[in-house]
Structures are given as structure tokens and as C-alpha cells.
Amino acid sequence: MLIEIENLSVTYHVGGRDVRAVEDVSLTVAARESYGLVGESGSGKSTILRAICGLAPISAGSIRIDGAPVQTPRGKAFAKRVQMVFQDPYGSLHPRHTIDRTLAEPLAIHGIGNTDARVVQALDDVGLPPSFRFRYPHQLSGGQRQRVAIARALMLEPEILLLDEPTSALDASVQAETLNLLNRLRAERGLTFMMVSHDLAVIDHMCDRVLVMQHGRAVEELLHEDLARAGMKTDYARTLFEASADRMLNG
Amino acid sequence: MTLLSVKNLRVTFDTESGPVQAVRGVSFSLGRERLGIVGESGSGKTMTGRSVLRLIRPPGRIDAEEMVFDGIDLTRASERQMRALRGQRMAMVMQDPKYSLNPVMKVGAQLTEGLRLRHRVGRTEARAKAIAALEAVQIRDPDRVLESYPHELSGGMGQRVMIAMMLIPNPDLLIADEPTSALDVTVQAEVLSILDALVRDRGMGLIFISHDLRLVARFCDRVLVMYKGRVVEELEARNLMQAQHPYTQGLLNCLPRIGGDRSPLPGLDRHAAWAE
């Protein structure tokens with residue numbers, strides 16, 4: 001198993017109170033698998049991705065990548081294997097850095113040469129013309145920005161991509177393009193995905209297995225086939241399925 | 001009965017590079033029903049909603065052959081008359097509670113401000129009305145919410161607070177601009193059923209603006225599909241799957257489906273001719 005999460009708990013201390021964002025969640029993701037996390041806001045699904053990256057305080061449990069426990073702080077070797085794409089393409093790119101600078105920065109940090117060619121290649125990989133190199137984020141549309149964010153995550157050629165609601169800020173047609181891009185990149189590069197979304201239809205389209213979460217706890221793990229034929233066992237997973245806007249088109 | 005009729009609505013922005021038309025000749029009429037307006041970002045759907053309330057700031061201009069709300073000609077109404085209509089008889093729920101509520105004012109004060117100033121309602125009565133409105137949108141502990149600042153509420157709560165605020169004066173027409181796009185599916189379903197009950201029980205007219213075609217189809221009676229400032233197709237929501245226009249079909253097909261075959265999603269073709 002490439003990613004192993006065992007009895008993970010994340011607790012934030014807010015104003016003297018303990019807020020348990022994730023409680024006792026275990027999951028494993030195989031290499032080249034696409035694993036989905038679904039649930040309402042506050043269910044802890046994004047927090048799991050953040051915990052993997054060291055962006056959330058782990059209070060119990062363990063995270064192992066390829067058998068080895070993750071180091072704290074995560075360090076360069078981790079960044080080379082695991083990268084994250086955030087939900088908001090408006091907030092996750094530095095507004096005063098050109099696309100070129102954003103894409104070149106990970107290369108500089110890791111001492112990787114041949115910057116020019118790599119940046120141009122990275123833009124091409126996500127379907128953007130080379131002329132976008134010297135633009136600023138505000139000169140791009142939401143979909144183009146998310147492509148840049150994906151290109152940035154791929155600069156170090158990681159094996160694992162953590163995707164936190166990568167398309168929920170995008171229009172339906174732009175979402176389709178972005179999902180297609182992610183699927184193509186996964187196939188070409190043999191990437192492993194962990195993807196968070198509140199949209200079951202997106203998860204169904206992208207993922208082989210999915211974990212349904214509620215109030216920080218794992219509710220049910222489903223195989224892709226079970227999701228499609230409504231084979232969920234718990235009431236909550238069924239509620240989510242029924243509430244999915246996609247349902248009306250089948251009826 | 002027609003509550004609102006709009007003919008040949010145009011919204012023009014004069015920019016340095018010449019006039020840009022955000023809405024180009026939109027016509028529709030609305031009874032006491034649920035009308036959906038769908039389109040991608042930039043299609044002019046929000047501008048159409050705002051025009052009805054004449055909430056377009058200069059340099060934007062609104063032109064229409066006709067824009068009549070319950071017998072009142074909105075194109076000729078004075079600013080004073082418009083102020084009397086806005087909020088009272090036609091209200092708009094904005095997209096994002098984070099930006100549309102006053103961040104430094106407690107929810108209670110925001111909810112009662114209008115009542116206290118406009119209707120000279122006393123503090124206690126205003127508070128009682130605010131609590132009733134919050135209960136109407138299924139907020140369980142209205143007392144706590146009244147004493148909260150907007151940042152202390154979740155997205156779903158904030159959205160419901162905005163709906164409650166718009167419902168206090170009991171308007172005849174509610175324009176809801178993406179009222180649920182920031183919400184989880186289960187909360188979304190709750191907010192929609194609240195809106196639905198209001199249309200049914202109070203006989204309100206509702207314009208529901210959204211980019212989510214499936215959601216609109218499930219919830220509305222009729223749907224206008226907008227592309228580049230024009231209505232390309234108008235249809236009964238239940239006939240959505242039989243949509244004729246290639247743009248509507250494209251919008252439908254580019255959505256992933258549960259149990260779909262997971263092949264690459266079709267992109268959306270855009271023909272300049274559709275915008276003519």
C-alpha cells in the first residue's frame with residue numbers, strides 16, 4: 001500500500017476548547033489508485049489531506065507513505081513524492097508572482113536545472129500555451145488558474161496528488177475539462193490520487209474507491225461499482241446519494 | 001397571472017474599448033412560480049436578476065422595452081419608488097454570505113435594521129420577527145444566531161440568514177442568485193425545500209439563478225438558458241432532457257454522472273452564432 005493511514009485523529013485547540021476535526025480514521029490507498037473522500041463541509045475530509053501534508057495537528061494515529069512514517073516537518077523528500085492541489089484557484093496562486101515564477105520556484109528549491117524547458121513543458125502538459133508564462137494569476141480565468149495550480153503540483157514529478165475539491169469553484173464545462181485533464185495525467189504518469197469532493201458524481205467519475213465521512217468519522221467505504229448501483233449500507237451514505245443533484249436525471 | 005414581465009432587456013457597460021453588452025435582449029415573464037436562469041459565468045444571468053431591481057451601478061446602463069412588476073413600470077419608476085419596492089416587494093438573495101452580510105454587525109442587528117428604521121417597529125417586536133424568520137428557514141437556535149457575527153456562522157447558516165432577512169418583509173418576488181452553490185448537497189436540499197414552501201405558501205414568485213442545470217431542473221417550473229447575454233432556450237424544467245439547443249445539451253452532457261461510463265467528459269462547443 002502506498003498510503004496507509006491508521007487511527008488518525010486531528011484535534012484543533014480553539015479558544016480553550018478541543019475541536020475534533022478527524023476522529024479515528026483508517027484507510028489505505030494502493031499505488032496508482034484513485035481514492036475519494038466525500039462528505040459535507042466540516043466532515044473532516046479536507047483535514048485528512050491537510051494532515052498528510054503536515055498542515056493539520058495530528059493528535060493520534062499514524063500516516064505512512066510507502067511503509068515509512070512521514071517525518072515532521074515533512075521536508076523536501078516528501079514534497080517530491082506528494083503534492084496538493086487546493087480548491088480555490090484564486091487563493092492558492094501568489095497574486096504578485098508571474099506564472100513562470102510560480103512554476104519555477106519548486107525547481108529552484110530542489111536544485112533542479114533546465115528550468116526554462118521544464119516550465120514550458122509543464123504548461124504544455126496542462127494544455128496552456130507558452131505565452132501564459134509571463135502572465136499574472138489575475139490575467140487568467142478560473143479554469144486556467146486551476147490548470148496552473150495542477151502544473152505547479154506536477155513540477156517535481158510526484159507520485160501522489162492530493163486534490164482538495166479541485167473543480168468545485170469552476171463552471172460545469174470547465175469542470176469537465178479539468179477532470180479530463182486530471183484523468184489523462186493520471187494515466188500518463190501513473191499517479192495516485194486522493195481526491196476530496198462534496199459532489200458524488202465527480203467522485204464516481206474519478207475514483208475507484210470512496211470513503212464517506214460525517215462529523216470527522218469514517219461512515220462507510222464503497223467501491224466504485226457499489227456506488228453506481230446504490231449498494232451503500234449506511235443510512236447516511238444513502239442520504240448523500242439521494243440528495244445528489246445528479247439523481248433527477250436518472251429518474 | 002403575470003407578476004413580472006420583461007421585454008428586450010439590455011444591460012450595457014461603457015468601457016474604454018467601447019460599449020459591452022452583458023445582457024442583450026432578454027425577454028421573459030413570471031407568474032407566481034419558480035423560474036430558473038442558467039448559464040456559465042459571464043452569461044449575464046446575475047445581471048438580468050440585478051436589472052429587475054435596477055441594481056446596476058454606473059457605468060452600467062439598463063434599457064428595456066418593457067419591465068413591469070405588478071403594474072408598476074420599473075423603467076420609469078423614480079429612485080424613491082424603487083427604494084420603496086426593493087426589499088419590501090421584491091428582494092434579492094445574494095451569492096455569498098461571506099461578502100453580502102455586514103461583517104462587523106451582529107446578525108440580529110442586521111435582520112432588524114430594516115424593520116426598525118422603515119417600519120419604526122420597537123426593539124422587542126423586531127426581535128420577535130427576526131426570530132420567527134430564522135425559524136422559518138429551519139435555524140434551530142435563533143437566539144444564539146442573533147447574537148453572532150457572520151464569521152461565526154457556517155456557510156449554510158449564513159445563507160439561511162440572508163434568506164431569512166429577505167423574507168421578513170414578505171416580498172412578492174424573490175430573486176435568488178446562486179443561493180445554494182456554497183452549500184453541501186444535504187443543506188442545499190434543505191434550503192431549496194424552504195424556498196419551495198415559500199413559493200407555495202406565500203404565493204411568491206421566484207427567480208432562481210444558478211450555473212447548475214440539474215439543480216435548476218429539479219427545483220424550478222421553467223428554465224431559461226443563457227449564453228453570452230442572450231436566452232438561447234426556454235423550456236419546461238421537466239422536459240430538460242429533451243432540450244433542443246446544442247448549448248443546453250452541451251451543458252447537460254459535460255456533467256459527470258453517477259454510474260456513468262467514465263470516458264472523458266465531452267467538452268462544450270461554443271458557436272458564435274448562438275450569441276446572435
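Reminder, nothing fancy here: chain letters follow the sequence lines and each chain counts from 1.
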Quiz item: Between B/Arg50 and B/Asp177, is there a salt bridge with N-O shorter than 4.0 Å?
Solution: no
Self-check item: Proximity breakdown for A/Leu179 and chain B, heavy-atom pairs closer than 4.5 Å
Solution: side chain
Quiz item: Considering heavy atoms only, which positions within residues 20-29 of chain A lie below 4.5 Å of chain B?
Solution: none
Quiz prompt | Contact winner vs chain B - A/Asn183, A/Asp171, A/Leu200, heavy-atom pairs under 4.5 Å | solution = A/Asp171
Exercise. Give a yes or no on whether B/Asp201 atom CG has more than 12 heavy-atom contacts from other residues, nucleotides or ligands under 6.0 Å away.
Key: yes
Exercise. Would you indicate whether B/Arg238, at its atom CZ, is surrounded by more than 12 heavy atoms from other residues, nucleotides or ligands within a distance under 6.0 Å?
Key: no
Quiz item: Looking only at side chains, do B/Ser263 and B/Asp261 share a donor and an acceptor under 3.5 Å apart?
Solution: yes
Quiz prompt | Between B/Pro266, B/Gly260, B/Ser41, the one whose heavy-atom pairs under 4.5 Å with chain A are most numerous | solution = B/Ser41
Practice problem: Would you mind telling me which of A/Arg229, A/Glu225, A/His224 has the largest number of heavy-atom pairs within less than 4.5 Å of chain B? | Solution: A/His224
Practice problem: Identify whether the distance between the nearest side-chain nitrogen and carboxylate oxygen of A/Glu157 and A/Arg189 falls below 4.0 Å. | Solution: no
Quiz item: Between A/Gly142, A/Ala172, A/Ser168, A/Ser43, which has the largest tally of heavy atom pairs under 4.5 Å with chain B?
Solution: A/Ala172
Quiz item: So, B/His211 and B/Glu178: side-chain donor and acceptor under 3.5 Å apart, yes or no?
Solution: yes
Practice problem: Indicate the ring-plane relationship of B/His151 and B/Tyr149, choosing parallel, tilted or perpendicular according to the 30° and 60° boundaries. | Solution: parallel
Quiz item: What distance do B/Leu240 atom CG and B/Leu213 atom CG have between them, rounded to the nearest 0.5 Å?
Solution: 4.5 Å
